[in-house]
**Q** 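For reference, the structure I am asking about is given below.
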Amino acid sequence: MMLVLTLLSWVEIPRAVETPDIQQYAQTELPGGALQRPTLRRMNAGTCRGKVVSSSPTALEVEVTQNGTTQVILVRIGRKTKFMSFRRPALGETVEVEYKPEKGSRFGYVVKVINP
């Protein structure tokens with residue numbers, strides 16, 4: 001019993017680290033004493049419709065045109081992705097992708113191939 005106690009006394013036990021109050025970081029003080037909460041940019045779930053520009057085993061790049069501007073959107077795909085028409089879309093095909101934010105990027109849950 002005494003041997004166990006002496007061995008344990010030599011073992012350094014990490015102490016709980018004191019963390020600062022989260023409210024300290026959640027609010028910033030403006031001139032005049034007013035408090036302002038920081039705004040966070042959130043990505044919402046949505047759909048996009050466009051042509052497939054690039055395809056890899058883990059992602060699709062879809063060229064989307066909205067209000068006269070064209071942009072390429074990267075959509076991650078995986079085991080949970082449901083392909084309507086039961087196949088992966090070919091390059092140049094028009095698709096409609098339903099996506100949700102997951103780990104900081106768009107994850108496509110439903111990919112529908114739209115026949116021209």
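Because the structure is predicted, anything quoted here is derived from the model rather than measured.
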**Q** Please say yes or no: joined through hydrophobic side-chain contacts below 4.5 Å, possibly via intermediate residues, are Phe86 and Val113 part of one cluster?
**A**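 Result: no, two separate clusters.
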**Q** Closer than 3.5 angstrom, by distance alone: can the side chain of Arg88 be matched with the main-chain N or O of Phe83 as a donor-acceptor pair?
**A** no
**Q** Write down the atom of Val52, the atom of Ala90, and the distance for their closest heavy-atom approach.
**A** CB-O, 3.7 Å
**Q** Looking only at heavy atoms, which two atoms of Leu74 and Ala59 are closest? And how far apart?
**A** CD1-CB, 3.7 Å
**Q** Between atom SG of Cys48 and atom CZ of Arg106, what is the distance when rounded to the nearest 0.5 Å?
**A** 7.5 Å
**Q** Membership question, hydrophobic clusters at under 4.5 Å side-chain separation (ILVMFWY): are Leu91 and Val111 in the same one?
**A** yes
**Q** So, for Pro101 and Ala45, which heavy atoms are closest and what is the spacing to 0.1 Å?
**A** CD-N, 3.8 Å
**Q** Indicate yes or no: at least one non-hydrogen side-chain atom of Val95 is less than 4.5 angstrom from one of Ile114.
**A** no
**Q** Which pair of non-hydrogen atoms, one from Ser55 and one from Leu60, has the smallest distance, and what is that distance?
**A** OG-CD2, 3.6 Å
**Q** In Å and rounded to the nearest 0.5 Å, what is the NZ to OG1 distance from Lys51 to Thr70?
**A** 11.0 Å
**Q** So do Lys82 and Tyr109 actually touch side chain to side chain, heavy atoms under 4.5 Å?
**A**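 SC-SC contact between Tyr109 and Lys82 ruled out.
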**Q** Begin from the C-alpha positions of Thr81 and Phe107 and carry the test side chain to side chain contact (heavy atoms under 4.5 Å, CB included) through to its verdict.
**A** CA-CA 8 Å; Thr81 305; Phe107 184 83; 3.8 Å; yes
**Q** Does Glu63 form a side chain to side chain contact (heavy atoms under 4.5 Å, CB included) with Gln71? I'd like the steps, not just the answer.
**A** CA-CA 6 Å; Glu63 186 178 68; Gln71 63 181 8; over 6 Å; no
**Q** Any side-chain heavy atom of Val110 within less than 4.5 Å of one from Lys112?
**A** yes
**Q** Please identify which of these residues, Ile73, Val97, Thr69, meets the side chain to side chain contact (heavy atoms under 4.5 Å, CB included) condition with Val64.
**A**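 In the set Ile73, Val97, Thr69, the residue that makes a side chain to side chain contact (heavy atoms under 4.5 Å, CB included) with Val64 is Ile73.
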**Q** How about Arg76: does its CZ atom have over 12 heavy atoms from other parts shown lying under 6.0 Å from it?
**A** no
